[in-house]
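Just so you know, these numbers use all the heavy atoms, side chains as well, and skip hydrogens, waters and symmetry mates. Index from 1, following the sequence.
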Amino acid sequence: MWLKILEGQKILVSSVFVIMGITSVSSAQTVPESFVTPSGNIQCIVVGENNNALRCDIGSGLNPIPPQPYPNYCKYDWGGGFLLSEYGKPEILCISDSFEANYKLAYNSTWQKGGFICISQRTGLTCTNTSGDGFFLSREGWKILSGDR
């Protein structure tokens with residue numbers, strides 16, 4: 001269950017991940033703008049004029065692929081991942097481009113940049129924003145996460 005995390009609580013949450021055996025990128029290190037999961041199937045990058053959005057592509061596509069809001073809504077590739085703003089729910093990608101992430105985010109590791117936190121596990125990738133909204137992505141399925149719980 002994902003709950004809204006207040007700014008002052010992020011250090012405590014990171015400590016919990018370390019206790020559970022989940023490591024994170026040290027604050028002394030430069031946090032990369034993008035990353036790829038060990039399988040190479042999911043990659044994410046911070047985008048936007050103010051780096052206020054996180055784009056995560058999944059090579060195998062969303063499974064199951066959700067219907068488009070209306071016919072011909074997306075003229076490009078539909079269902080290739082999510083775009084998560086700093087606040088609010090993620091949006092399904094309609095894209096025609098790609099990017100290459102160089103940093104491999106190991107399983108049982110966290111990545112944190114700006115208001116975004118992503119956790120890489122063998123079961124998939126979970127990313128949330130400042131408001132606690134986010135998504136879970138894996139080859140087998142996906143789920144929208146809400147900070148309103």
Q: Please evaluate residues T128 and L84 with respect to the criterion side-chain contact (heavy atoms from CB on, under 4.5 Å), reporting the C-alpha separation (whole Å), side-chain torsions for both, the decisive distance (0.1 Å), and the verdict.
A: CA-CA 8 Å; T128 56; L84 182 62; 5.6 Å; no
Q: Does S85 reach the main-chain N or O of G88 with its side chain, forming a donor-acceptor pair under 3.5 Å?
A: no
Q: Is it true that the SG atoms of C127 and C118 are less than 2.5 Å apart?
A: yes
Q: Might you point out which heavy atoms bring L54 and F116 nearest each other, and give the distance in Å?
A: N-CZ, 3.7 Å
Q: Tell me, yes or no, whether the heavy-atom count around Y73 atom OH, taken from other residues, nucleotides or ligands under 6.0 Å, exceeds 12.
A: no
Q: Answer yes or no: is there a donor N or O on one side and an acceptor on the other, between the side chain of Q43 and the main chain of F99, under 3.5 Å?
A: yes
Q: Which atoms form the tightest heavy-atom contact between L125 and C56, and what is the distance?
A: CD2-SG, 4.5 Å
Q: Short question: side chain of N41, backbone of S60 - any donor-acceptor pair under 3.5 Å?
A: yes
Q: How close do A53 and L83 get, heavy atom to heavy atom, and via which atoms?
A: CB-CD1, 4.0 Å
Q: Can you tell which of F136, F135, F82 makes a side chain to side chain contact (heavy atoms under 4.5 Å, CB included) with W142?
A: F82
Q: Quick check on K104: does its NZ atom have over 12 non-hydrogen neighbours (other residues, nucleotides or ligands) under 6.0 Å away?
A: no
Q: Judged by modelled atom types alone, do S131 and N129 share a side-chain donor-acceptor pair under 3.5 Å?
A: yes
Q: Given 3.5 Å as the limit, does a donor-acceptor pair link the side chain of N63 with the main chain of E140, or not?
A: yes
Q: Tell me which pairs pass disulfide (SG to SG under 2.5 Å) where either residue lies in residues 75-104, with sequence neighbours left out.
A: C74-C94
